[in-house]
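Quick notes on the structure that follows.
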Amino acid sequence: MIVGIDFGTTNSLVAYVGKDLKPQIIVNERGSRITPSVVYFKNEKQALVGELAKSQMFIRPDQTIFRVKRKMGTDHRYTIFNASYTPSEIGSLIFRKLKAYASDFLGKPVDKAVVTVPAYFDDNQRLAVLTSAQLAGIEVVKLFNEPTAAALAYGVKADGERVVLVLDFGGGTFDITLMKHREGLFEVIATGGSTSLGGTDFDQVISNWVIEAIKQTRGIDLSKDPIAMQQVINHSERAKVDLSTVAETTVVIPYIAASSEGPVHVNLTISRDQFENLARSLFDESERLILNTVKEACIKPDQVDVVVLAGGSSRMPAFKRIASTHFPKAQLMGEVNPDEVVALGAAVQAAIIEGRVKNIELKDILPHSLGVLDDDGQFVPIIERGTTYPELSTRMFTNSRDNQSDVTIKVLQKRENHFIELGDFQFTSSKIWQKGEANIAVSFQINNNGVLDVSAEDIDSGEVQDLRIMNGLVGVRDVEIQPRREELEKRLQVL
Ligand code: AMP
């Protein structure tokens with residue numbers, strides 16, 4: 001069975017489509033539907049993932065890693081107990097945990113998945129996530145855009161062309177995606193949001209309010225005590241969640257500190273209005289980001305047909321008000337649990353791939369042109385932006401100098417008006433060419449995952465070289481993954 005995995009910045013989820021053909025969430029060994037994307041190194045041989053790791057975040061920050069998704073595709077390294085780990089390796093520990101509990105739940109090994117990624121992730125970031133899953137022994141049958149997954153979970157139907165706005169407001173990030181949907185094709189027309197605005201910022205607002213109140217009334221600064229802070233943050237998050245359904249809640253934390261007059265307890269009541277005022281600038285910022293994204297895409301608010309809410313923070317009533325007031329003609333889709341909607345959509349996509357769910361065909365579209373830099377320093381597109389994939393495209397190249405036996409070509413991705421270098425790619429021949437003599441067919445292949453593979457063939461000799469983009473940007477091959485995976489599994493046990 002192929003499962004759907006939402007590998008999130010703060011939380012991860014696994015879902016599958018059952019015999020009744022309905023997507024459902026797989027619960028972990030604690031009975032929770034979500035697993036915090038947090039890794040805690042207990043020692044050099046054991047890592048805890050999930051809720052238990054999250055509780056160490058403030059107490060042992062040097063041994064705890066959170067928000068690894070943000071580092072995907074960068075050359076950031078984590079050094080823990082004198083060992084160095086790439087973001088993909090840390091991510092693989094989370095995938096290992098997800099795989100283990102999903103296998104237990106389903107009663108059979110889970111080794112294939114549809115894994116979701118933000119629509120704005122570039123090749124580098126996509127490949128880092130792909131590698132993470134592979135290192136955990138999961139074959140990724142498709143990397144799937146999160147907003148498309150959310151729309152799929154809602155069964156957004158194409159009735160002519162529709163403009164769909166997905167607002168994914170999670171724990172650490174706010175991802176805004178504007179898409180055009182027609183005949184199974186979701187075309188991303190604009191992405192926006194912020195990688196530094198999310199639910200934790202709202203928790204912080206309540207935490208600051210609690211700290212200030214204790215400072216004022218008891219003269220104690222809780223922010224200096226990491227263990228007290230862990231509790232304040234946890235209770236603040238809980239209060240924030242309460243305030244999405246009730247008008248008032250009380251933050252109660254007994255024995256948070258000690259003073260000369262005896263123990264200090266937190267017992268503070270906060271109303272929804274009060275919270276919304278305290279967090280006003282955060283709500284205003286989210287509103288500004290939404291309106292900017294729509295404006296930049298030259299779409300008028302009344303042209304938006306559907307607004308899909310995803311991410312736990314979209315449950316906040318003040319946020320829902322923002323989402324509904326600006327798009328008067330849109331259908332607001334928020335009834336599916338917003339924490340789960342991306343994972344559920346990934347599970348539906350998995351079932352489509354398995355052929356169990358029919359009548360839905362989804363295509364992906366390339367958001368940026370891919371090509372090479374020719375000898376004159378000009379960009380030569382090989383696959384144009386807007387192409388649906390999978391896609392294979394080939395172009396002929398030759399050499400520019402006499403007595404040449406290799407050609408170096410730079411592979412580029414064209415963003416609006418700048419280029420991102422994906423790597424150098426080199427073809428070496430056994431023959432010496434004179435200028436213009438070589439006939440090299442360069443093929444770009446984008447597979448289902450949106451991942452680029454490059455190959456080159458000398459048409460005259462039939463020589464095909466296993467060219468690869470440097471920097472490890474090409475999907476890591478099984479032969480390379482296997483030893484790394486074994487080494488990591490031997491080195492670290494995931495609990
Ligand atoms: P996600 O990244 O989608 O799992 O979202 C996690 C974030 O959603 C966390 O910051 C949660 O505190 C927040 N969240 C979950 N449920 C609610 C709720 N009912 N009201 C407000 N925030 C929520």
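In listed order, ligands and their atoms are each counted from 1. In this chain, residues are counted from 1 in sequence order.
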Please determine if Asn11 has a nitrogen or oxygen closer than 3.5 Å to a nitrogen or oxygen of ligand 1. yes
Determine whether the side chains of Arg315 and Ser244 contain a donor N or O and an acceptor N or O closer than 3.5 Å. no
Interfacing atoms of ligand 1 (cut-off 4.0 Å, heavy-atom, Gly311): 3 (O)
Would you say Phe169 has any N or O atom under 3.5 Å from an N or O of ligand 1, going by distance alone? no
Kindly check if the number of other-residue, nucleotide or ligand heavy atoms within 6.0 Å of CG (Asp20) is above 12? yes
Considering distance alone, does some N or O of Lys240 sit under 3.5 Å from an N or O of ligand 1? yes
Below 3.5 Å, N or O to N or O, backbone or side chain included: is there any such pair between Gly170 and ligand 1? no
Electrostatic pair Arg288-Glu285, nearest N-O below 4.0 angstrom: yes
Would the distance check show the side chain of Lys240 and the main-chain N or O of Ser313 forming a donor-acceptor pair, the cut-off being under 3.5 Å? no
Among protein heavy atoms, which lies nearest atom 20 (N) of ligand 1, and at what distance? Ser244 OG, 2.6 Å
For ligand 1, indicate whether the residue Val241 contacts it via side chain, backbone, both or neither (heavy-atom separation under 4.0 Å). both
Any luck finding a side-chain donor-acceptor pair between Gln204 and Asn208 under 3.5 Å? yes
Ser313: heavy atom below 4.0 Å from ligand 1, yes or no? yes
What is the nearest protein non-hydrogen atom to atom 2 (O) of ligand 1, stated with its residue, atom name and distance? Thr10 OG1, 2.9 Å
In ligand 1, which numbered atoms sit nearer than 4.0 Å to a non-hydrogen atom of Gly199? 10 (O)
Are Arg321 and Glu276 side-chain neighbours, meaning at least one heavy-atom pair lies under 4.5 Å? yes
To atom 15 (C) of ligand 1, the nearest of Arg315, Glu237, Met316 on a heavy-atom basis is Arg315
Within the distance-only criterion (no hydrogens, no angle test), does the side chain of Tyr154 pair as donor or acceptor with the backbone N or O of Val336 below 3.5 angstrom? yes
Distance from atom 3 (O) of ligand 1 to nearest protein heavy atom, with residue and atom: Gly312 N, 3.0 Å
Between Ser12 and Thr35, is any side-chain donor less than 3.5 angstrom from a side-chain acceptor? no
